[in-house]
Amino acid sequence: MSQHALLSVGAKAWRSIPCLRSELRLDLTLGCGQSFRWRETGEGHWTGVMGGRVWTLTQTEDTLWYHVYSNPGNTALINGQKRKAEVGPQHSEKKLKQVSTVKKEEDELDLDAVSSEQDEKAGTLLRDYFQLDVKLGDLYREWSDADQHFSQTAHIFTGVRMLRQDPVECLFSFICSSNNHISRIQGMVERLCNTLGTPLCKLDDTHYHDFPPLQALADSKVEACLRDLGFGYRARFLQQSAHLIMNSHGPDWLYTLRSAPYLQARDALRTLPGVGLKVADCVCLMSLDKSEAVPVDTHVWQIAKRDYNCAAGHGQKTLTDKLYNEIGDFFRKLWGCYAGWAHSMVPCFSLADGRTAMQRDDSHGPSGYIQAGQLNGS
DNA sequence: GATCGACCTGG
DNA sequence: CAGGTCGAT
């Protein structure tokens, strides 16, 4: 039986990308609620699905190591472009059939020993996913120059980086996030994939599945199915949004929003059921290349008032659309066009002066914004 | 615009 | 109550 790869064991083939820990912290980036698809499967080893493949990632001081597992009876590694086309017409049934008959040769062939062309694609895919061309060190310096509060605490948390996720996965994961907390969202997304996604491979009793394509999510039976899986009222939102995209826009629509201006993309997303300002901003920031999008929740609002003396919404009780936009604008003015990236460190701030914050605040603790253990090793 | 209650489920 | 959204005041 296949097992999760471990760098120290070395039985699996590992490839690497030069990457300083200061430019990427796997634990903070993968485990803080951007993507709900990664699990720590060994010490410092993160396993998840990305680009239609199962990966295990780990890092040393100056190197990012990755192992890509072969999918028994699946097609070659796909890149971002090809995936885009694939989201369209065909669904699992057809895909599975095609897969089992053709591509026999690759079943025998483990990716561990596969062509350098594949290796190159994998590296490219990973660099794209982590957006390694964006130099985090430069951004940190800019934010620190502009923001005294940032400079006080940010240096402790270098390497928190924005992922460039698949828009379909990002959208439907964050529709699940409403009125909900991270651990449950993770479970829901997992059940969603296991039920509607194409199986990829099995590692140590864990079955990994691709994220379901739009077509599968749009099926009218999906709402009932997801309600059974404990999605609650979000079941309808998921199915309806998928259906709306498929029927009114087409399967490529989400991807085309990558080249639309920020506010235009956000408005477009907001026409989908279950997508408000917060979810739309999450999708813009984490999958549509809108680095200026700042998802605002009550926690960010508190930080804005407490740490930044932001006057917006003074004496207001609810987070209205107007106030939401004002707070976003406030941080965009402060941090510039990568404000969304800077915003992802906000949870780290409250953690950094967590002791004082917790004593001063009240006794609610860190409010689940950051999960326990996330700071280990910092 | 701003406020309010409902919406599913589990910790 | 939870990292929200929707529809009705």
Side-chain angles (χ1 to χ4, degrees), chain A residues 28-29 31-36 160 162-163 165 170-192 222-242 244 266-287 293-307 312-329 331 339-340 342-351 354 357 361-372 374:
Chain A
L28 295 178
T29 303
C32 68
Q34 284 189 56
S35 164
F36 305 98
V160 182
M162 197 52 57
L163 300 172
Q165 301 185 60
C170 192
L171 170 64
F172 290 92
S173 297
F174 278 95
I175 289 178
C176 297
S177 76
S178 80
N179 200 3
N180 212 346
H181 45 276
I182 290 184
S183 58
R184 183 149 88 107
I185 302 168
Q186 281 182 339
M188 288 164 62
V189 172
E190 188 171 17
R191 292 195 293 280
L192 179 70
V222 161
E223 178 182 350
C225 169
L226 294 183
R227 278 195 181 264
D228 287 340
L229 292 177
F231 279 63
Y233 62 88
R234 304 167 197 83
R236 187 198 339 252
F237 289 156
L238 291 169
Q239 190 275 329
Q240 285 181 337
S241 281
L244 184 61
R266 191 176 71 164
D267 287 344
L269 291 172
R270 282 232 285 159
T271 65
L272 302 171
V275 181
L277 279 170
K278 165 78 190 313
V279 171
D281 266 336
C282 286
V283 177
C284 279
L285 174 65
M286 303 176 192
S287 74
V294 178
V296 176
D297 52 44
T298 51
H299 187 71
V300 171
W301 182 21
Q302 300 315 313
I303 298 284
K305 285 194 293 194
R306 192 194 77 191
D307 297 337
H314 181 70
Q316 238 179 263
K317 200 60 205 160
T318 55
L319 189 55
T320 62
D321 285 9
K322 181 170 175 290
L323 178 54
Y324 183 104
N325 287 321
E326 284 171 1
I327 295 171
D329 289 340
F331 284 119
H343 142 279
S344 71
M345 312 211 24
V346 163
C348 297
F349 292 170
S350 33
L351 220 60
D361 241 1
D362 43 24
S363 40
H364 294 350
S367 73
Y369 208 84
I370 280 248
Q371 295 180 307
Q374 218 165 303

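The basis for the numbers below is simple: all heavy atoms, side chains too, and nothing from hydrogens, waters or symmetry mates. Below, chains carry the letters A, B, ... as their sequence lines are ordered, and counting in each starts from 1.
Under the 3.5 Å distance criterion, the side-chain polar atoms of A:Q165 are matched with a main-chain donor or acceptor of A:Q34. A:Q316 contributes no side-chain N or O that, together with a main-chain N or O of A:L323, makes up a donor-acceptor pair within less than 3.5 Å.
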Taking Watson-Crick (N1-N3 plus N6-O4 or O6-N4) and G-U wobble (N1-O2, O6-N3), each under 3.5 Å, can you produce the dot-bracket string of DNA chain B? Use [ ] for crossing pairs and | for inter-strand ones. .||||||.||.
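The CD-C1' distance, from A:Q186 to C:dA2, rounds to 15 Å in whole Å. Taking atom CD1 of residue A:I185 and atom P of nucleotide C:dG3, one finds them 8 Å apart after rounding to whole Å. Look at CG on A:L277: it is 12 Å from P on C:dG4, rounded to the nearest Å. In this structure, A:R236 places its CZ atom 6 Å from P of B:dC8, rounding to the nearest Å.
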Do any N or O atoms of the protein come closer than 3.5 Å to N or O atoms of nucleotides 9-11 of chain B, and which pairs are they?
| from | atom 1 | to | atom 2 | distance (Å) |
| --- | --- | --- | --- | --- |
| B:dT9 | O4' | A:R184 | NH1 | 3.4 |
| B:dT9 | O2 | A:R184 | NH2 | 3.1 |

Nucleotide N/O of nucleotides 6-9 of chain C paired with protein N/O under 3.5 Å:
| from | atom 1 | to | atom 2 | distance (Å) |
| --- | --- | --- | --- | --- |
| C:dC6 | OP1 | A:G274 | N | 3.1 |

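Using a 4.0 Å heavy-atom cutoff across all strands shown, A:K322 reaches sugar-phosphate atoms only and no base atom.
Here, B:dG10 and C:dC6 have their C1' atoms 23 Å apart, quoted to the whole Å. With P as the reference atom, B:dC8 and C:dA8 are 16 Å apart, rounded to whole Å.
The phosphate of C:dG4 (OP1 or OP2) has no side-chain N or O of A:S177 nearer than 4.0 angstrom.
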